[in-house]
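Have a look at the structure below, then the notes.
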Amino acid sequence: MMPQHADEISDEQLMARLDSPQLEVALSALYDRYSRTVYGVGLKILGERSSAEELVQDVFLKVWRSSHTFDPSRGSFSTWLYRVTRSCAMDLYRKRAHRVSQVPEGDQHIAAMRDPSAGPQEVVDESWLSWRASRALEVLDAPHREVIELAYFGGLSQREISQRTGVPLGTVKTRTASAFKKLRAELALGDTPQEANR
Amino acid sequence: MRCAEIHTNLTAFVIGGLEPEEAAEIRRHLASCPGCRRELEELRKVNRVLEAAPPPADPPSHLKDGILSRVRAEVLSPSNKGEPEEAPFLEEQTGSSRTSRFHRFKNLRIVLPSLAAAAVVVVVGLGIVFGFLRVDAPVATIQLVPTPHEAATLHGYWGVAELRPQLSGNLQVKLKLDNFEEPRPNSYYELWFVSGEKRISAGSFTSVGQGETRVLLNVPPEARKYHTLLITEERIDNDSAPAEEVALKGEVP
């Protein structure tokens with residue numbers, strides 16, 4: 001039998017391999033598939049790059065250490081990983097809130113800036129939306145993702161995207177519409193918030 | 001305008017990417033077309049999710065190596081780890097069935113002489129301890145994002161400024177920039193703290209382009225009152241005035 005390449009193996013099969021001598025290859029493949037999402041969600045809800053890096057580390061160590069708690073019959077790996085991410089993010093959120101309260105009095109102004117405005121429940125709600133959006137964007141190929149990223153993160157109009165990329169305006173509009181169609185299908189397939197928040 | 005033509009533009013309409021006259025035409029059509037209004041609502045649902053999307057950014061490359069190294073060290077020296085950590089929700093998922101998968105894998109591990117394993121533990125332990133002690137938490141962290149003009153041509157290009165008060169009273173600024181392109185020939189970058197018309201320069205620097213650039217700069221304590229950070233690209237010439245074109249901008253939250 002031909003050996004299976006890591007990128008052809010399902011998430012669930014990779015999880016099973018965390019319990020074998022192929023541990024590093026399996027964890028590395030899962031990291032390649034999901035670290036961008038975990039990092040992005042960390043940036044979004046924790047707001048600090050150092051905290052987002054800490055989150056990525058905590059999450060993937062927990063994926064390995066807690067792999068035996070993953071039961072594929074109870075939901076997708078993505079949803080399970082979201083719950084791991086949410087749990088680790090909440091721990092970091094609380095830790096950070098504790099650190100903020102310890103800023104010396106002389107730094108009142110800066111302490112106020114770091115005080116998180118969102119409560120824990122808001123953080124959780126936002127994290128699921130961010131997770132879904134990030135995972136959905138992963139299904140897009142490069143040209144479709146480009147128009148979406150330029151629109152949402154660059155704040156460009158369709159005409160400006162056309163001028164910037166050199167792609168005809170009609171094609172930019174078609175790609176944007178096509179990207180939305182794919183995203184709509186992807187989002188319809190995902191788990192519900194109830195499943196994610198179990 | 002027919003529904004088929006409207007549908008091509010409807011997504012761009014939802015995300016606000018049409019020219020005013022195009023948007024006006026869509027609105028006129030929507031006023032008299034229930035089918036297109038239903039489609040509009042579906043697209044708005046997707047838009048709501050996308051508005052929550054995190055910024056496109058890759059974690060720093062060293063992170064993966066660090067995680068795999070730590071796993072490797074723990075596999076070789078399970079006693080260093082003890083029992084695997086469990087979050088409460090993970091315990092709930094499996095009830096009391098903390099399976100022996102981890103322990104079965106432990107039996108598969110390569111058995112090294114205990115002295116070598118102990119050495120790994122000590123080295124990793126010292127690394128963690130000294131690494132931790134070196135951490136000097138910033139009092140403020142500011143996201144630096146490209147201006148829309150700059151963002152259009154670059155991917156994963158952004159930065160963070162961490163502020164740390166120094167014993168001298170100065171404020172240290174630690175810049176971490178991702179994929180920040182090198183300055184043009186005879187140019188350099190400059191970081192500014194800005195408040196209205198007033199600005200304080202935190203110093204000048206260059207960038208490595210692809211990958212991560214780290215820079216340490218200092219500003220006087222007054223800079224704490226300045227709420228906007230700008231990175232400009234400056235020409236080496238006789239003009240001391242700051243450049244108008246801003247590459248990255250951050251607002252103290």
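Keep in mind that what you see is a predicted model, and the values were worked out from it rather than measured. Chain A is the first sequence line, chain B the second, and so forth, proteins listed ahead of strands; every chain is numbered from 1.
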Which heavy atom in [X] sits nearest to a heavy atom in [Y], and how many Å separate them?
| X | Y | answer |
| --- | --- | --- |
| B:Pro54 | A:Gly40 | CB-O, 3.0 Å |
| A:Ser157 | B:Glu19 | OG-OE2, 3.8 Å |
| B:Ala52 | A:Ala133 | C-CB, 4.4 Å |

Going by heavy atoms in the side chains, are [X] and [Y] under 4.5 Å from each other?
| X | Y | answer |
| --- | --- | --- |
| A:Tyr31 | B:Leu68 | no |
| B:Ile15 | A:Phe180 | yes |
| A:Tyr152 | B:Asn47 | yes |
| B:Pro60 | A:Tyr39 | yes |

Candidate pair A:Ser35 and B:Lys64, rule side chain to side chain donor-acceptor pair (under 3.5 Å), full reasoning: CA-CA 9 Å; A:Ser35 61; B:Lys64 182 180 177 182; over 6 Å; no
Got a salt bridge between [X] and [Y], using NZ or NE/NH1/NH2 to carboxylate O under 4.0 Å?
| X | Y | answer |
| --- | --- | --- |
| A:Arg184 | B:Glu39 | yes |
| A:Lys181 | B:Glu42 | no |
| A:Arg49 | B:Glu162 | no |

Ranked by heavy-atom pairs below 4.5 Å to chain A, first place among B:Thr8, B:Val160, B:Leu50 goes to B:Leu50
With chain B as the partner, which of A:Gly42, A:Gly47, A:Ala52 has the greatest number of non-hydrogen pairs under 4.5 Å? A:Gly47
Heavy-atom pairs under 4.5 Å with chain B, option from A:Leu61, A:Ile161, A:Val147 with the top count: A:Leu61
Under 4.5 Å from any heavy atom of chain B - which part of A:Ser28: both
Gap separating the [atom1] atom of [X] from the [atom2] atom of [Y], nearest 0.5 angstrom:
| X | Y | atom1 | atom2 | result |
| --- | --- | --- | --- | --- |
| A:Lys173 | B:Asn9 | NZ | CG | 4.0 Å |
| B:Glu22 | A:Gln158 | CD | CD | 8.5 Å |
| A:Ile148 | B:Thr11 | CD1 | OG1 | 8.0 Å |

Against chain A, label B:Lys45 side chain, backbone, both or neither, depending on which of its atoms sit under 4.5 Å from a heavy atom there. neither
Answer with side chain, backbone, both or neither: which region of B:Glu51 has an atom nearer than 4.5 Å to a non-hydrogen atom of chain A? both
For A:Glu138, all residues meeting side chain to side chain contact (heavy atoms under 4.5 Å, CB included), sequence neighbours excluded: A:Arg36, A:Thr37, A:Arg135, A:Arg145
